[in-house]
Protein chains: 2
Amino acid sequence: MNYPLQSATSNHTPAPVFALNSALRSCSGCSMHQICLPTGLNECDTQRLDKIIGRRKVPRDSFLYRIGDPFTSLYAVRVGHFKSYQQNIAGDRQITGFPMTGELLGMDAINTERYQCDAVALEDSEVCEIPFELLENLFAQMPTLLHHFHRALSQEITNEQRIIMLLGNMRAEQRFASFLINLSMSYATRGYSATRFQLRMTREDIGNHLGLTIESISRMIAKMRRDGLIQVRQRDVEILNLSALGKLASGSEILVSTPVYYPKQ
Amino acid sequence: MNYPLQSATSNHTPAPVFALNSALRSCSGCSMHQICLPTGLNECDTQRLDKIIGRRKVPRDSFLYRIGDPFTSLYAVRVGHFKSYQQNIAGDRQITGFPMTGELLGMDAINTERYQCDAVALEDSEVCEIPFELLENLFAQMPTLLHHFHRALSQEITNEQRIIMLLGNMRAEQRFASFLINLSMSYATRGYSATRFQLRMTREDIGNHLGLTIESISRMIAKMRRDGLIQVRQRDVEILNLSALGKLASGSEILVSTPVYYPKQ
DNA sequence: CGCGAGGTTGATTAAAGTCAATGCATGTGG
DNA sequence: CCACATGCATTGACTTTAATCAACCTCGCG
């Protein structure tokens with residue numbers, strides 16, 4: 001299902017492939033170099049960082065870590081998608097995000113030294129494991145790394161503020177539009193299409209994340225499809241009118257479905 | 001502005017009054033020493049930190065900083081209460097928190113180097129201004145400070161995750177109960193009563209923060225008062241049944257008002 | 001003493017939730 | 001290869017929750 005950067009695909013020329021592999025498995029060779037932790041580091045510093053990092057596969061539906069596990073490492077997503085959720089005593093869950101390639105997981109555990117969330121792979125995935133103590137040791141000698149780490153933490157804060165805004169202020173339609181726009185931008189940043197992508201999560205996950213039910217998500221999809229904003233087939237999404245969707249998300253335009261044009265079948 | 005010498009306290013003539021003042025204005029003498037940034041630092045390091053910190057008064061209803069202002073400093077609340085909110089293009093606001101004594105503001109600005117929120121004083125307040133560049137310079141030599149800074153950032157992340165949980169999963173009554181419990185714990189941590197305190201914000205601010213209207217807040221207060229959980233007079237709150245309120249907040253007990261016992265006056 | 005901001009209360013409405021039936025793709029075993 | 005089970009998704013009917021609208025109260029203050 002998932003090809004960890006061409007590696008498995010070229011079995012018939014062993015030696016060069018191995019070289020390619022090791023390059024690809026290092027920070028220097030990673031396509032997320034410009035998004036991930038090594039951003040801004042020179043080659044030498046990148047290699048020093050690289051030395052403390054381990055790689056780990058996380059099969060679909062398995063946990064990267066669980067709430068309450070002792071904190072040892074941060075993780076950067078190399079390949080794949082995750083969901084990260086909290087849970088209360090009653091067992092209710094709230095998905096706080098869907099981390100994807102280049103994103104850092106586990107920052108919420110630094111304070112208490114226990115992970116505060118469950119992190120589950122939505123598909124067969126791969127992460128870079130960054131032992132936090134070793135990372136801290138590097139900070140004293142690598143101010144650029146430290147500064148970028150602070151930016152990553154800060155960005156996590158603003159990401160969550162965005163979700164708070166969404167949950168506190170927006171109606172269902174806006175929420176779902178924001179969600180799509182946000183995915184669109186994330187994929188664009190990573191060099192993928194901004195208008196065509198696959199949802200890696202179920203409708204239920206989306207609903208949970210947006211504070212809505214699965215039925216509401218279904219209805220929002222139906223409505224936006226009727227209005228010609230998106231085209232959806234299963235988990236394949238195509239955004240047909242990105243700017244209209246963006247306006248919807250930002251709340252500057254309330255879209256009213258005109259059922260006249262779309263009589264019930 | 002800055003009085004780093006604690007040794008001045010060893011005087012026992014008229015000077016002591018002044019010395020006491022200056023001690024109070026320094027990190028060493030600050031009552032928030034155990035909660036704020038200097039946590040865990042020895043006297044010498046505390047003084048080094050102290051040297052880069054300035055103090056600033058923020059009158060009620062005035063801005064500490066505004067969305068879009070260039071980021072230069074973090075702020076620690078010394079005295080008073082603030083509200084911190086985001087705003088979208090349409091002008092809708094979402095209060096993300098009510099920082100109080102010992103809390104750090106402005107961490108969301110590190111990434112973009114622009115503040116992402118407005119921060120407004122809810123009463124006449126005072127902050128410690130921590131120029132971020134100077135703080136970064138200290139990190140290389142003060143790993144304890146750095147580690148504690150990371151904990152502060154991490155805690156900010158978990159605080160916000162708690163709000164996301166609240167907004168995404170809880171009904172009005174739970175939200176308001178959580179809000180009260182959270183205030184209660186914050187005050188307890190700071191050595192104040194866990195069951196009697198003053199709300200520093202309007203009902204409208206509370207409603208906005210909790211994703212509810214002012215009317216809903218009013219009704220929740222009325223209901224909890226009827227149920228004997230709290231006593232409220234204007235902004236004075238007394239929690240009469242902390243454990244029941246806690247259960248409500250955690251969702252493990254759905255409280256049903258029995259209007260039979262409380263006929264309309 | 002009257003004004004105004006902030007707060008409460010009641011009646012009604014709108015939005016999203018719940019419940020229930022149905023559809024559709026995938027995978028498995030006969 | 002079909003039949004059927006399963007998990008996920010859609011759609012419709014109805015209910016619940018909190019929002020909206022509107023009236024009124026209360027307290028502090030000029």
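Naming convention: chains lettered A, B, ... in sequence-line order (proteins, then strands); numbering from 1 in each chain.
One can find a donor-acceptor pair under 3.5 Å joining the base of C:dC19 and the side-chain atoms of A:Glu215. One cannot find a donor-acceptor pair under 3.5 Å joining the base of C:dG7 and the side-chain atoms of B:Arg219.
Between A:Arg233 atom CZ and D:dT10 atom P there is a gap of 12 Å when expressed in whole angstrom units. The interatomic distance linking B:Met220 (CE) with D:dT17 (P) rounds to 10 Å, in whole Å. The interatomic distance linking B:Asp205 (CG) with C:dA5 (P) rounds to 16 Å, in whole Å. Rounded to whole angstrom, the span from the CZ atom of B:Arg60 across to the C1' atom of C:dA5 amounts to 11 Å. Across the protein-nucleic acid pair, A:Glu204 atom CD and D:dG7 atom P stand 12 Å apart, rounded to whole Å. Following rounding to the nearest Å, A:Ile221 (CD1) and C:dC24 (P) show an atom-to-atom distance of 16 Å. Put simply, CE on A:Met201 is 15 Å from C1' on D:dC8, counting in whole angstrom units. Rounded to whole Å, the distance from CE on B:Met224 to P on C:dT8 is 13 Å.
With 3.5 Å as the limit, one finds a donor-acceptor pair spanning the side chains of B:Tyr75 and B:Arg56. Looking at B:Gln161 and A:Glu160, their side chains do bring a donor and an acceptor atom within 3.5 Å of each other. A side-chain N or O of A:Thr213 and one of A:Ser216 form a donor-acceptor pair less than 3.5 Å apart.
B:Thr202 comes within contact range of the sugar-phosphate backbone alone, with a heavy-atom separation under 4.0 Å but no base atom that close. Nucleic acid contact for B:Gly207: none, since no nucleic acid atom lies under 4.0 Å from a heavy atom of the residue. Using a 4.0 Å heavy-atom criterion, one finds that B:Ile217 contacts no nucleic acid atom at all.
The listed nucleotides are C:dA16, D:dT10, D:dA18; the one nearest the side chain of A:Arg203 is D:dT10. Side-chain atoms of A:Ala172 lie closest to C:dA16 of the nucleotides D:dT20, C:dA16, D:dA18. Taking only side-chain atoms of A:Ala222, from C-beta outward, the nucleotide of D:dT11, C:dA16, C:dT8 with the closest atom is D:dT11.
Relative orientation of the B:Tyr115 and B:Phe71 rings is perpendicular, given thresholds of 30° and 60° on the angle between their planes. The aromatic rings of B:His209 and B:Phe98 sit perpendicular to each other, their planes meeting at more than 60°, with 30° as the lower class boundary.
Using a 4.0 Å cut-off, no side-chain N or O of B:Ser216 falls inside it from OP1 or OP2 of D:dA18. Using a 4.0 Å cut-off, no side-chain N or O of A:Ser218 falls inside it from OP1 or OP2 of D:dA9. OP1 or OP2 of C:dG7 has at least one side-chain nitrogen or oxygen of B:Arg235 nearer than 4.0 Å.
Checking side-chain atoms of B:Asp108 against main-chain N and O of A:Thr158 turns up no donor-acceptor pair under 3.5 Å. A side-chain donor-acceptor contact under 3.5 Å links B:Gln116 to the backbone of B:Arg114.
The pair A:Glu103-A:Arg190 meets the salt-bridge criterion, with a side-chain N (NZ, NE, NH1 or NH2) lying under 4.0 Å from an Asp/Glu carboxylate O.
End-to-end axis angle of the helix from C:dC1-D:dG30 to C:dG30-D:dC1, from C1' rotation axes over five pairs per end: 20° (rounded to 10 degrees).
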